[in-house]
Engineer: 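The structure's right below; bear with me while I get my questions together.
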Amino acid sequence: MTKSYLLGIDIGTSACKVAVFDRNGQVLAAANGDYPVYYPQEGWAEQNPEEWWSAVCKATKETIQKAGIASEEIAGVGIDGQSWSAIAIDKEGKVLTNTPIWMDTRAQSICDCLNEEIGADKIFEVAGNSLQPSYTTAKIIWYKENLPEVYANIYKILQSNSYIAFKLTDAITQDVSQGYGLHCFDMRKGCWDEEMCERLGIPMNFLPEICNCDHVVGTVTAKAAQECGLAEGTPVVAGGLDAACGTLGAGVIHPGETQEQGGQAGGMSICMDEYKADPRLILGYHVIPDKWLLQGGTTGGGGVMRWFEHEFADYERMMKEQTGESSLNQLNEIAEKVSPGCDGMVFLPYMSGERSPIWNPYAKGVFYGLDFAKTKGHMVRACMEGVALSLRHNLEIAEEAGAKVEVLRAMGGSANSHLWTQIKADITGKPIVVPASDTATTLGAALLAGVGTGLYKDYDEAVTLTVKETRHHEPDPDNKTVYDQTYQTYLDLYKSLAHLMIKH
């Protein structure tokens, strides 16, 4: 039986996605599995990795069945996942507690102490990233200080994709692209730094050995095969960070190419072939060998529209029942009627604190410029513009750090909105190319498996065969002029409100 298909698994924040691709990147079938985020206290956001696994099993079975193929025809499995988990497992592989996820900021005071004791600049020098509570590092120390009974039983700390790889193969791994979550990871060399582990108080034996993202870590076990419907013996690669796999799936593999992220979170990933770090940004390894990604990660991406639709689109949802047009499409239409710059209305999209470049876990979302002339359309457009302004903020910092950005390649649900994509092009002044966007992340994970198992000879071949462009947006210079002013207001707004956005 020819093994000509690849399976990609994506562990997102609100759901997992599973898709089967043929060698040309065509999706045969895909399915999702949902799971909750728990918010037990202010600043906390956690998930149960066992719920990820159940969702993956359900979605994988459904995908294989929908694809109408035998599971034996799958050549390999690639997994990508959200960043900055701290999945504590014991020797039996049992999950000891829910993992704080990338939105969780409970460990702020631990970061403050470590930055003071060790020196923020010393940590940055090794890790290429400033120590922030959303990363994995401080979460491990939080366990030690707050959950001693959990800490005492930790055998290894895993990331989201390595946990699913473990459930599939029993192999305990850490891929290089997720290394950036730990500040004892040497960003120049791509290995653990023993001295920094010691200074941070992270036991080296908690950390799995680091491997390349396309490395075959093992094969599907009999037990996993029964649970998820894959064939026993199917090769599984280590996989990597969702944003990095999405970057590969959007065709970004050469220096200067940049992926623009339009999922729940927003931001960008710039491909570089040399180490360039800036404490205001996020630096990690790309999932392809010997490349870095300089990233900006914001909390307010496509999730802003999801929130707005959930809270304020009762009318649009009711109309959908009559017309069949999705509520998000209707919101797009009313936003399109509002002129660029939103008649002076500006939105700060800091809906879950904010990550780069301001790194303020207490930052809040703000609508500025409301008056009686403003409509719901203004609010929708302001949401879209606010997310685009945060993208521009990150891109400008990256260019200051020496990264070159030529073209943005958009991915994620937001890229389906022509209006939103055009707004991003106008605000940043960069042309935007939209590849077949909904599957970029799972495609990237699948391509790792394709290269790892030899279905493709290299990444150039993989991308050439699979990444298709669907649209192209050029920035409009007249709109850019209006937006330059909006951008100034955006920066001034945060500056003047920052003193209020602190812990109370």
Side-chain angles (χ1 to χ4, degrees), residues 10 12-17 19 27 30-37 103 242 246 250 259-267 298-342 345-352 365 367 374-391 408-428 432-442 470-473 479:
D10 166 38
T13 306
S14 46
C16 71
K17 295 188 185 78
V27 181
N32 290 0
D34 297 347
Y35 35 74
V37 180
M103 296 189 279
D242 52 6
Q259 174 260 102
E260 184 268 315
Q261 167 77 22
Q264 167 78 20
T298 69
T299 64
V304 169
M305 285 314 291
R306 187 177 290 170
W307 162 79
F308 192 93
E309 190 277 338
H310 186 265
E311 297 302 333
F312 304 110
D314 290 356
Y315 169 77
E316 286 78 8
R317 280 194 293 273
M318 186 177 76
M319 289 305 289
K320 182 188 174 194
E321 288 172 24
Q322 294 172 29
T323 64
E325 189 179 8
S326 85
S327 47
L328 284 171
N329 262 359
Q330 295 173 61
L331 292 176
N332 245 315
E333 281 164 22
I334 60 171
E336 207 151 3
K337 295 189 173 83
V338 176
S339 51
C342 249
M345 195 165 155
V346 182
F347 173 64
L348 300 185
Y350 310 145
M351 300 298 283
S352 182
F367 280 105
K374 298 297 190 286
T375 63
K376 185 173 181 170
H378 282 87
M379 296 187 81
V380 177
R381 186 171 187 122
C383 283
M384 292 177 166
E385 290 182 355
V387 170
L389 291 162
S390 71
L391 171 65
L408 301 178
R409 298 177 71 89
M411 54 161 279
S414 310
N416 294 326
S417 164
H418 290 228
L419 171 65
W420 204 348
T421 310
Q422 187 60 47
I423 287 172
K424 286 173 177 172
D426 293 347
I427 284 180
T428 61
I432 298 184
V433 171
V434 184
S437 64
D438 284 340
T439 52
T441 307
T442 37
T470 54
R471 306 194 315 271
H472 192 94
H473 294 255
N479 291 352

Engineer: Do Lys376 and Phe308 touch side chain to side chain, with heavy atoms closer than 4.5 Å?
Structural biologist: yes
Engineer: Taking side chain as C-beta onward, heavy atoms only, is Thr428 less than 4.5 Å from Leu391?
Structural biologist: yes
Engineer: Minimum heavy-atom separation for Thr442 and Lys17, please, with both atom names.
Structural biologist: CG2-O, 3.6 Å
Engineer: Only one of Ser327, Cys383, Ser417 passes side-chain contact (heavy atoms from CB on, under 4.5 Å) with Met305; say which it is.
Structural biologist: Cys383
Engineer: So which heavy atom on Thr470 is nearest to which on Pro435, and how close?
Structural biologist: OG1-O, 3.6 Å
Engineer: Can you tell me which residue among Val434, Val433, Leu408 is in a side-chain contact (heavy atoms from CB on, under 4.5 Å) with His473?
Structural biologist: Val434
Engineer: If you apply the rule side-chain hydrogen bond (donor to acceptor under 3.5 Å, both in side chains), what do you find for Asp10 with Thr441, and how did you get there?
Structural biologist: CA-CA 7 Å; Asp10 166 38; Thr441 307; 5.1 Å; no
Engineer: Side chains of Glu333 and Asn329: do they bring a donor and an acceptor to under 3.5 Å?
Structural biologist: no
Engineer: How long is the gap from CD on Glu260 to CE on Met411, to the nearest 0.5 Å?
Structural biologist: 9.0 Å
Engineer: With heavy-atom distances below 4.5 Å as the criterion, would you say the side chains of His418 and Asn332 are in contact?
Structural biologist: no
Engineer: How far apart are the C-alpha atoms of Gln422 and Asp426, what are their side-chain angles, what is the distance that settles it, and do they pass the side-chain hydrogen bond (donor to acceptor under 3.5 Å, both in side chains) test?
Structural biologist: CA-CA 6 Å; Gln422 187 60 47; Asp426 293 347; 2.9 Å; yes
Engineer: Is there a side-chain contact between Glu309 and Arg317 in this structure, where contact means two heavy atoms from C-beta onward sitting under 4.5 Å apart?
Structural biologist: yes
Engineer: Taking the side chain as every heavy atom from C-beta outward, state whether Met345 and Val338 have any atom pair closer than 4.5 Å.
Structural biologist: no
Engineer: Go through it in stages, so that I can follow the logic: the residues are Val380 and Ile334, the test is side chain to side chain contact (heavy atoms under 4.5 Å, CB included), and I'd like the CA-CA distance, side-chain angles, deciding distance and then a yes or no.
Structural biologist: CA-CA 8 Å; Val380 177; Ile334 60 171; 4.2 Å; yes
Engineer: How are the rings of Phe312 and Trp307 set relative to one another: parallel (under 30°), tilted (30 to 60°) or perpendicular (over 60°)?
Structural biologist: perpendicular
Engineer: When rounded to the nearest 0.5 angstrom, what is the spacing between CG in Asp314 and CE in Met319?
Structural biologist: 13.5 Å
Engineer: So does Gly365 get a backbone contact from the side chain of Tyr350, meaning a donor-acceptor N/O pair under 3.5 Å?
Structural biologist: no
Engineer: How many angstroms lie between OG in Ser339 and CZ in Arg381, if you round to the nearest 0.5 Å?
Structural biologist: 7.0 Å
Engineer: Does Glu316 reach the main-chain N or O of Gln330 with its side chain, forming a donor-acceptor pair under 3.5 Å?
Structural biologist: no
Engineer: Could you tell me whether the side chain of Glu385 and the main chain of Ile423 form a donor-acceptor pair under 3.5 Å?
Structural biologist: no
Engineer: Check the surroundings of atom NE2 in His310: do more than 12 heavy atoms from other residues, nucleotides or ligands lie under 6.0 Å from it?
Structural biologist: no
Engineer: Can you name the closest pair of heavy atoms from Trp420 and Met384 and give their distance?
Structural biologist: NE1-O, 3.0 Å
Engineer: For the side-chain contact (heavy atoms from CB on, under 4.5 Å) test, which of Pro349, Ser352, Ser390 pairs with Thr299?
Structural biologist: Ser352
Engineer: Quick one: closest heavy-atom pair of Ser14 and Arg306, and the distance?
Structural biologist: OG-NH1, 3.2 Å
Engineer: A quick test of your reading: do over 12 heavy atoms of other residues, nucleotides or ligands sit less than 6.0 Å from NZ of Lys320?
Structural biologist: no
Engineer: Which pair of heavy atoms, one from Thr421 and one from Ser414, lies closest together, and at what distance?
Structural biologist: OG1-O, 3.9 Å
Engineer: Provide the closest heavy-atom pair for Ile432 versus Ala425 in the form atom of the first, atom of the second, distance.
Structural biologist: CD1-N, 3.5 Å
